[in-house]
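In what follows, a single structure is set out as structure tokens and then discussed.
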2 protein chains.
Amino acid sequence: MARKGYPGPMTASPTPHGSHEVAAADADWLRLENQICFSLHAASRAFNGVYRLILRDLGLTYPQYLVLLVLWERGDQPVKKLGEHLRLDSGTLSPLVKRLEAAGLVRRERSAQDERSVRVRLTEEGSALRGRALEVPRRIAAATGFELTEIIELRERLDRLTTALDAATLTEAQGAP
Amino acid sequence: MARKGYPGPMTASPTPHGSHEVAAADADWLRLENQICFSLHAASRAFNGVYRLILRDLGLTYPQYLVLLVLWERGDQPVKKLGEHLRLDSGTLSPLVKRLEAAGLVRRERSAQDERSVRVRLTEEGSALRGRALEVPRRIAAATGFELTEIIELRERLDRLTTALDAATLTEAQGAP
DNA sequence: GGCCATTTGGTTGTGCACAACTTAATTGTG
DNA sequence: CACAATTAAGTTGTGCACAACCAAATGGCC
């Protein structure tokens, strides 16, 4: 668990264009970036673990909980909108929503106006579950042990990171070689 | 993409024990915590997306890359040790390592001293891949657009978060009600 | 009307994460 | 020595994430 030191900023300074020097600098970068992406990965899974426990009482997984949050806050939504709010595509949402339907929490019904669209509607039971879910956030916040300001800062930084990474994904994917 | 405002600290102040008041405060907390866990979730997936692209040339997934990082840095390891470094259990690592073996990057061999243990050993090809992987971190760092100090701060905060969450998971799981 | 691209969901296949269980080797204890 | 407990991997089953592909409905265009 004890964290080994990361290479100091001096050793990781971006060496201009050298040949041998670059290899050493790369190795340092590698170690550092390993930390940041790995830290994020680990934090995400740790969060998932806490949610798993707390949501077990409600019979929900964490992504299912997210879907319900959207429905509780914004009302019935077509699958498309859910995907936009949660950044998930149909390949993830279709089976997930079906499981929520199997659990009796939502119903899926084709729109009459546009038969391509499927509206996800909370059932009585699904709406009622919100009451039991209200205590979840506080338990989660308590588990982090973070101050409110700290949470806000962290969130801001993560969102900025996500935006940058998404942009980079696009440019990598198509445009600039 | 535009972010709606989060409830200010004043509205989210933990109301003592009320009845109606609590519901409103809970709803605020809910919104806020939704942000932080969701932000983390989204950031993690965004990172994964960038890695997916950059690692495609190497024929690796992100978790496979993590396993190789450990092997490159610390040499051959039994599966158990890999799991400790990466916080992954055998259910995840067994098939993953088999895929790496199928790709010709590692070999798995039973230890002679302890026949329960399986040592994961880099092949020639697996070791050689390190050279091509050296440029990965810099491309990732560039994709984040973050300063070094900012990355380090973020990492520190995430690690602290993970530690707190892990501790909370344990106490939730067994002990204190 | 007939033809097209677009939009919306769905399906399939691969891989990761994890819980629960199994198997085999090892260690500890009487 | 015999036997129980522990440990290391593996297996099975469920669910999420995403790429790639498919089908039906829609809307624009001639």
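These numbers come from the heavy atoms of this one structure, side chains and all, not from hydrogens, waters or symmetry mates. In what follows, chains carry the letters A, B, and so on, assigned in the order in which the sequence lines appear, proteins first and then strands, with residues in each chain numbered from 1.
With rounding to whole Å, B/H41 atom NE2 is found 12 Å from D/dC18 atom C1'. Spacing between atom CZ of B/R87 and atom C1' of C/dA17 amounts to 14 Å, rounded to whole angstrom units. C/dG9 atom C1' lies 16 Å from atom NZ of A/K81, rounded to whole Å. Nucleotide C/dG10 holds its P atom 12 Å from the CG atom of A/L96, rounded to whole Å. If you take CG of A/L86 and C1' of D/dC18, they are 15 Å apart, rounded to a whole angstrom. Following rounding to the nearest Å, A/Q113 (CD) and D/dG27 (P) show an atom-to-atom distance of 11 Å. Following rounding to the nearest Å, B/Y62 (OH) and D/dC18 (P) show an atom-to-atom distance of 14 Å. The interatomic distance linking A/R110 (CZ) with C/dT8 (C1') rounds to 8 Å, in whole Å.
A/T92 comes within 4.0 angstrom of a nucleotide base, judged by non-hydrogen atoms across all strands. At the heavy-atom level, A/L93 lies nowhere under 4.0 Å from the strands shown. Contact annotation for A/P78: backbone-only contact, meaning every heavy-atom pair under 4.0 Å involves sugar-phosphate atoms and none involves a base. A/R108 comes within 4.0 angstrom of the backbone, heavy atoms only, and of no base. B/S90 comes within 4.0 angstrom of a nucleotide base, judged by non-hydrogen atoms across all strands. In this structure, A/D114 reaches the sugar-phosphate backbone alone: every heavy-atom distance under 4.0 Å involves primed, P, OP1 or OP2 atoms, never a base.
Candidate nucleotides C/dG9, C/dA25, D/dT11 were compared by shortest atom distance to the side chain of B/R116, and C/dA25 ranks first. When each of D/dT26, D/dC18, C/dA17 is scored by its nearest atom to the side-chain atoms of B/P63, the top-ranked nucleotide is C/dA17.
Residue A/E109 places its CD atom among more than 12 non-hydrogen atoms of other residues, nucleotides or ligands, all under 6.0 Å distant. Counting heavy atoms of neighbouring residues, nucleotides and ligands inside a 6.0 Å radius, atom CD of B/E156 exceeds 12 of them.
Side-chain polar atoms of B/T123 and B/E125 form no donor-acceptor pair below 3.5 angstrom. Between B/S111 and B/Q113, the side chains place a donor N or O and an acceptor N or O closer than 3.5 Å (distance only, hydrogens not considered).
One finds a salt bridge joining B/R87 and B/D166 here, because a Lys/Arg side-chain nitrogen approaches an Asp/Glu carboxylate oxygen to under 4.0 Å.
A close approach under 4.0 Å does not occur between any side-chain nitrogen or oxygen of A/S117 and OP1 or OP2 of C/dT7. Contact between the side-chain N/O atoms of A/S94 and the OP1/OP2 oxygens of C/dG10 is found at a separation under 4.0 Å.
Taking the nucleotide of DNA chain C with the nearest heavy atom to each of A/R119 and A/R56, the more 5' of the two is matched to A/R119. Where A/A46 and A/K98 meet DNA chain C, the nucleotide closest to each residue was compared, and A/K98 sits on the side nearer the 5' end.
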